[in-house]
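Each chain gets a letter, A, B and so on, in the order the sequences are listed, and its residues count up from 1. All values derive from a computational prediction rather than experimental measurement.
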Number of protein chains: 2
Amino acid sequence: MALRRIDPASDRAVYRQIADHLRADIESHERPPGSQLPSESSLVADYGVSRVTARRALSVLVTDGLAISEHGKGWFVRRRPPVKRLSSDRFARRHEGKAAFTVDMEANERKFSVEVIYVGQGDAPPEITSRLGLPPGTAVLVRRRRYLVEGQPTEFATSYIPLDIAAGTPIEQENPGPGGIYGRMEDHGLVFERYDEEISARMPTEDEARHLSLPAGSPVLHLVRTAVASGRVVEVCDTIMDSAAFVLFYSLPAR
Amino acid sequence: MALRRIDPASDRAVYRQIADHLRADIESHERPPGSQLPSESSLVADYGVSRVTARRALSVLVTDGLAISEHGKGWFVRRRPPVKRLSSDRFARRHEGKAAFTVDMEANERKFSVEVIYVGQGDAPPEITSRLGLPPGTAVLVRRRRYLVEGQPTEFATSYIPLDIAAGTPIEQENPGPGGIYGRMEDHGLVFERYDEEISARMPTEDEARHLSLPAGSPVLHLVRTAVASGRVVEVCDTIMDSAAFVLFYSLPAR
DNA sequence: TAGTGGTCTAGACCACTCG
DNA sequence: GAGTGGTCTAGACCACTAG
């Protein structure tokens with residue numbers, strides 16, 4: 001964090017050089033997560049650049065997911081919530097009467113909560129009805145909720161369930177009871193065979209960024225789970241996760 | 001793509017309004033992938049804003065992963081390489097004598113190639129030696145390579161293998177032969193038990209962005225695979241993937 | 001009120017691409 | 001050479017946060 005100067009002979013743009021200095025400080029933990037970065041005016045004074053250039057340097061760090069700005073307060077090194085999501089034994093342990101998310105979080109000893117945003121009939125996007133094996137436009141049960149870990153939103157999930165499975169069962173309730181919706185499906189004789197998960201990553205839409213309180217430069221993990229029971233698809237769950245908060249874990253047997 | 005105007009009464013910043021217009025055109029495919037966006041000067045003329053504001057609007061799209069700029073040429077709607085990576089049957093099919101990546105790509109009928117960057121002894125980061133069950137600083141065999149799909153780099157992988165397994169075997173060669181390094185390990189009597197995979201997503205480092213020719217606003221998928229055979233960890237493979245090029249697929253049995 | 005970031009302007013010089 | 005993006009400056013006004 002020693003005072004560094006711009007090399008005017010360098011090919012590297014001035015704003016990048018300043019960003020490099022700050023990045024080095026962040027990566028070496030000389031500027032720890034949550035600490036305040038130099039203000040724009042102090043960069044202007046220290047480096048002898050215009051305010052626009054100082055801002056650009058700081059913006060580079062935001063784009064790289066290393067910093068955030070807070071209006072009226074300053075620029076700060078971004079805090080990273082460390083959370084781990086288990087997978088392979090996630091569904092096995094569900095049989096003890098807990099929903100998958102509960103199992104995941106308890107395995108990591110964190111305080112969590114669930115916010116139900118919407119439960120009721122609704123339309124599903126065509127990609128979803130197609131996975132469910134239903135004609136486009138078919139009404140389904142929609143369960144939309146947001147998961148919070150230690151007060152911070154980290155995950156935003158929407159489940160789609162065929163109405164012939166959900167109608168008249170506790171699956172239509174906000175709280176479907178012990179074991180979650182999978183438990184209720186088993187009560188009705190459905191035998192689960194497998195869960196297929198597709199994972200991708202991308203930048204969030206503006207909506208997603210708002211729902212998850214994501215700073216700029218923070219990608220999301222997109223997970224689509226298809227649950228198969230008794231020979232048919234009984235649920236498609238579309239999940240958007242703060243990528244800074246999750247590591248997904250899969251254990252594949254060799255044979 | 002009709003001529004739209006800025007609403008000066010709106011709370012939304014001018015550069016965001018312009019970005020919104022362009023984003024809508026991109027998402028509706030009125031501006032298809034690869035097409036040229038309006039030049040900075042034409043935005044200046046059409047919207048009556050300064051060049052800085054026009055550039056900021058375009059930069060928003062870059063940060064969101066929707067556009068790229070090419071010096072001297074213009075701004076373009078980003079092309080997205082569609083590729084799918086299979087997982088669950090990836091290792092099962094390896095036994096036919098093909099490496100996992102080959103299986104993945106053939107399943108998607110794409111032209112691919114592998115570039116070997118380095119094969120030889122080297123140091124492994126402490127996270128890696130710890131996974132391998134070796135003391136920090138132990139030398140290991142390092143195999144670093146880059147995978148290209150249809151000429152575009154999409155994946156950058158580094159394998160770390162304990163020397164007592166690799167030394168004196170074709171694993172130390174650039175081309176380890178049919179079935180890849182796993183095939184050679186089996187030749188020596190190792191029996192594979194499972195592959196553990198940890199997946200996360202984040203923004204790339206500058207190095208990673210260069211190696212993968214990633215535009216700004218393009219996150220990477222980070223996959224760390226730990227191969228367990230005959231009761232010990234025989235390889236850790238650290239993979240960085242262009243998130244725009246991959247969808248990871250896992251099938252989890254219910255019991 | 002003082003300090004911080006958020007937005008915008010007008011103008012400059014440079015480097016790259018293409019015909 | 002004409003057009004495109006890349007970088008930088010000096011200055012302005014506004015909005016938010018704090019003591």
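Straight-line distance from the CD atom of Glu70(A) to the P atom of dG5(C): 11 Å, rounded to whole Å. If you take CG of Leu37(B) and C1' of dT4(D), they are 13 Å apart, rounded to a whole angstrom. The CZ-C1' distance, from Arg56(A) to dG6(D), rounds to 7 Å in whole Å. Here the P atom of nucleotide dG5(C) and the CG atom of Leu58(A) are 7 Å apart, to the nearest Å. One can place CD of Glu40(B) at 19 Å from P of dA2(D), the figure rounded to the nearest angstrom. Note: CD1 (Ile18(B)) to P (dT9(C)) measures 8 Å, nearest angstrom. The CD-C1' distance, from Gln36(A) to dT17(D), rounds to 11 Å in whole Å. Rounded to a whole Å, the CG atom of Asp11(B) is 16 Å from the P atom of dG6(C).
Across the interface with DNA chain D, nearest-nucleotide mapping of Thr53(A) and Ser41(B) shows Ser41(B) to be the residue nearer the 5′ end. A residue-by-residue look at Gly72(A) and Ala13(A) shows that Ala13(A) has its nearest nucleotide of DNA chain D further toward the 5' end.
A salt bridge links Glu198(A) with Arg131(A): the closest approach of a Lys/Arg side-chain nitrogen to an acidic carboxylate oxygen falls below 4.0 angstrom. Under 4.0 Å is where a charged nitrogen must lie from a carboxylate oxygen, and between Glu206(A) and Arg16(B) no such pair does. Note on Arg12(A) versus Asp7(A): no salt bridge recorded, every NZ/NE/NH1/NH2 to OD/OE distance being 4.0 Å or above.
With a 3.5 Å ceiling on both atom-pair distances, dG19(D) lacks any Watson-Crick or G-U wobble partner.
Evaluation of atom-type donor-acceptor distances gives a pair under 3.5 Å for the side chain of Arg51(B) against the base of dG6(D).
With distances taken from any side-chain atom of Lys73(B) to the nucleotides dA10(D), dG11(C), dC18(C), the minimum falls on dC18(C). Closest to the side chain of Trp75(A), out of dA10(C), dG5(D), dG6(C), is dG6(C). Comparing dA10(D), dT7(D), dG6(D) against the side chain of Ser69(B) picks out dG6(D) as the nearest. Distances were taken from every side-chain heavy atom of His71(B) (C-beta onward) to each of dT17(C), dT7(C), dA15(C); the shortest belongs to dA15(C).
Considering only side-chain N and O atoms, Tyr15(B) lies nowhere under 4.0 angstrom from the phosphate OP1 or OP2 of dC8(C). Contact annotation: Ser50(A) does not reach the phosphate of dA10(D) (side-chain N/O to OP1 or OP2, under 4.0 Å). Phosphate contact (OP1/OP2 of dG6(D), side-chain N/O of Arg55(B), threshold under 4.0 Å): present.
Relative to the six-membered ring of Tyr118(A), Arg144(A) misses at least one condition, a distance below 6.0 Å or an angle of at most 45° to the axis.
If you run side-chain hydrogen bond (donor to acceptor under 3.5 Å, both in side chains) between Ser159(B) and each of Glu235(B), Arg143(B), Arg225(B), only Glu235(B) comes through.
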